[in-house]
Amino acid sequence: MPLLEQVLEQYPKDVKLVFKQFPLGNHKFAAPAALATLAANEQGKFWPLHDLIFANFNKLNDEKIKELVKEAGLDVARYEQDLQKNSQTYLNLVRRDMQEGQRNGVRGTPSIFVNGRLLQQRSLPGFKTVIEQEIAKKAK
C-alpha cells in the first residue's frame, strides 16, 4: 500500500491530504500532465490519472498522456472538452500552487508538508513522529 494511503488509514480523523501542483520546468511534459489531472478531476478521476502519470513520468509525451487518460477510465471526449474549456482556469490554479510552493521552499517533487512543516523523513515512522507531535500540540 502506498505510503500516503497508509498514513490516511492510520489517522483517518487527524490527517487531511491536500495536493498542490508543482510541475518542474526541466520536465517538458510536467505542465501538460498537471493540466490533465485537473481535467480528470472534473470526472472524479484525479487520483487514478495522477498515479498513472507518476508511474510513467519518464515516458510522458502527448500521446502517452492520452493513453493514460483512457487507462484511468475517463470519458475521453468529455476530458478533452473540459481541458479546452477550462485551460485558463487550470493554468491559474497551477500558477497559484507553484507560487505557494516557491514561498514555502519547494524545490522538487514530491514535497510533503505536515501543518506547514516540510517532512524530512518520508517514511511511515517519519510521518507518525510529526503527526503525533502535531496532535500533542493541538491537545494542549
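In this chain, numbering begins with 1 at the start of the sequence shown.
- Here the CG-NZ distance, from Asn115 to Lys138, works out to 9.0 Å after rounding to the nearest 0.5 Å.
- Within the structure, the salt bridge (charged side-chain N to carboxylate O under 4.0 Å, His left out) test picks out no pair touching residues 39-56 (sequence neighbours left out).
- Cluster membership check: Val76 shares its hydrophobic cluster with Ile53, using side-chain heavy-atom separations under 4.5 Å among Ile, Leu, Val, Met, Phe, Trp and Tyr.
- Val7 and Phe113 fall into different hydrophobic clusters, defined by Ile, Leu, Val, Met, Phe, Trp and Tyr side-chain heavy atoms under 4.5 Å apart, directly or through other members.
- Partners of Tyr90 according to the ring pair (Phe, Tyr, Trp, His ring centres under 6.0 Å) rule, which considers only residues two or more places apart in sequence or in another chain, do not exist here.
- Residue pairs meeting the salt bridge (charged side-chain N to carboxylate O under 4.0 Å, His left out) criterion with at least one member in residues 53-62, sequence neighbours excluded, do not occur.
- Among residues at least two apart or in separate chains, salt bridge (charged side-chain N to carboxylate O under 4.0 Å, His left out) pairs with a member in residues 72-85 are Arg78-Asp82.
- Residue Lys66 holds its NZ atom at 14.0 Å from CG of Leu74, rounded to the nearest 0.5 Å.
- Hydrophobic clustering (ILVMFWY, side-chain heavy atoms < 4.5 Å, transitive): Ile135 and Leu124 are in one cluster.
- Not counting sequence neighbours, Glu71 has no partner by the side chain to side chain donor-acceptor pair (under 3.5 Å) test.
- Every residue meeting the ring pair (Phe, Tyr, Trp, His ring centres under 6.0 Å) condition with Phe19, not counting sequence neighbours, appears here in chain and number order: Phe46, Trp47, His50.
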Show every donor-acceptor pair shorter than 3.5 Å between a side-chain atom in residues 22-39 and any protein atom, with sequence neighbours excluded, or say none if there are none.
from, atom 1, to, atom 2, distance (Å)
His27, ND1, Phe29, N, 3.2
His27, ND1, Ala30, N, 3.3
His27, NE2, Phe57, O, 2.8
Thr37, OG1, Gln21, NE2, 2.9
Thr37, OG1, Ala34, O, 2.7

For residues 103-112, tabulate all N or O donor-acceptor pairs below 3.5 Å that involve a side-chain atom, not counting sequence neighbours.
from, atom 1, to, atom 2, distance (Å)
Asn104, ND2, Glu100, O, 2.8
Ser111, OG, Gly108, O, 2.6

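- Residues passing the side chain to side chain donor-acceptor pair (under 3.5 Å) test with Asn92 are Gln88, Arg95, sequence neighbours excluded.
- Scored by the side chain to side chain contact (heavy atoms under 4.5 Å, CB included) test, Gln84 finds no partners at all (sequence neighbours excluded).
- Qualifying side chain to side chain donor-acceptor pair (under 3.5 Å) partners for Arg117, counting only residues two or more places apart in sequence or in other chains: Gln133, Glu134.
- Cluster membership check: Leu4 does not share its hydrophobic cluster with Phe54, using side-chain heavy-atom separations under 4.5 Å among Ile, Leu, Val, Met, Phe, Trp and Tyr.
- When all heavy atoms are compared, the tightest approach of Ala40 to Leu49 is CB-CD2, 3.6 Å.
- Contacts of Lys64 classified as side chain to side chain donor-acceptor pair (under 3.5 Å), with partners at least two apart in sequence or in another chain: Glu67.
- Between Val69 and Leu52, the closest side-chain pair of non-hydrogen atoms is not below 4.5 Å.
- Summarising the geometry, atom CZ belonging to Phe127 is positioned 10.0 Å from atom CD belonging to Gln6; distances are rounded to the nearest 0.5 Å.
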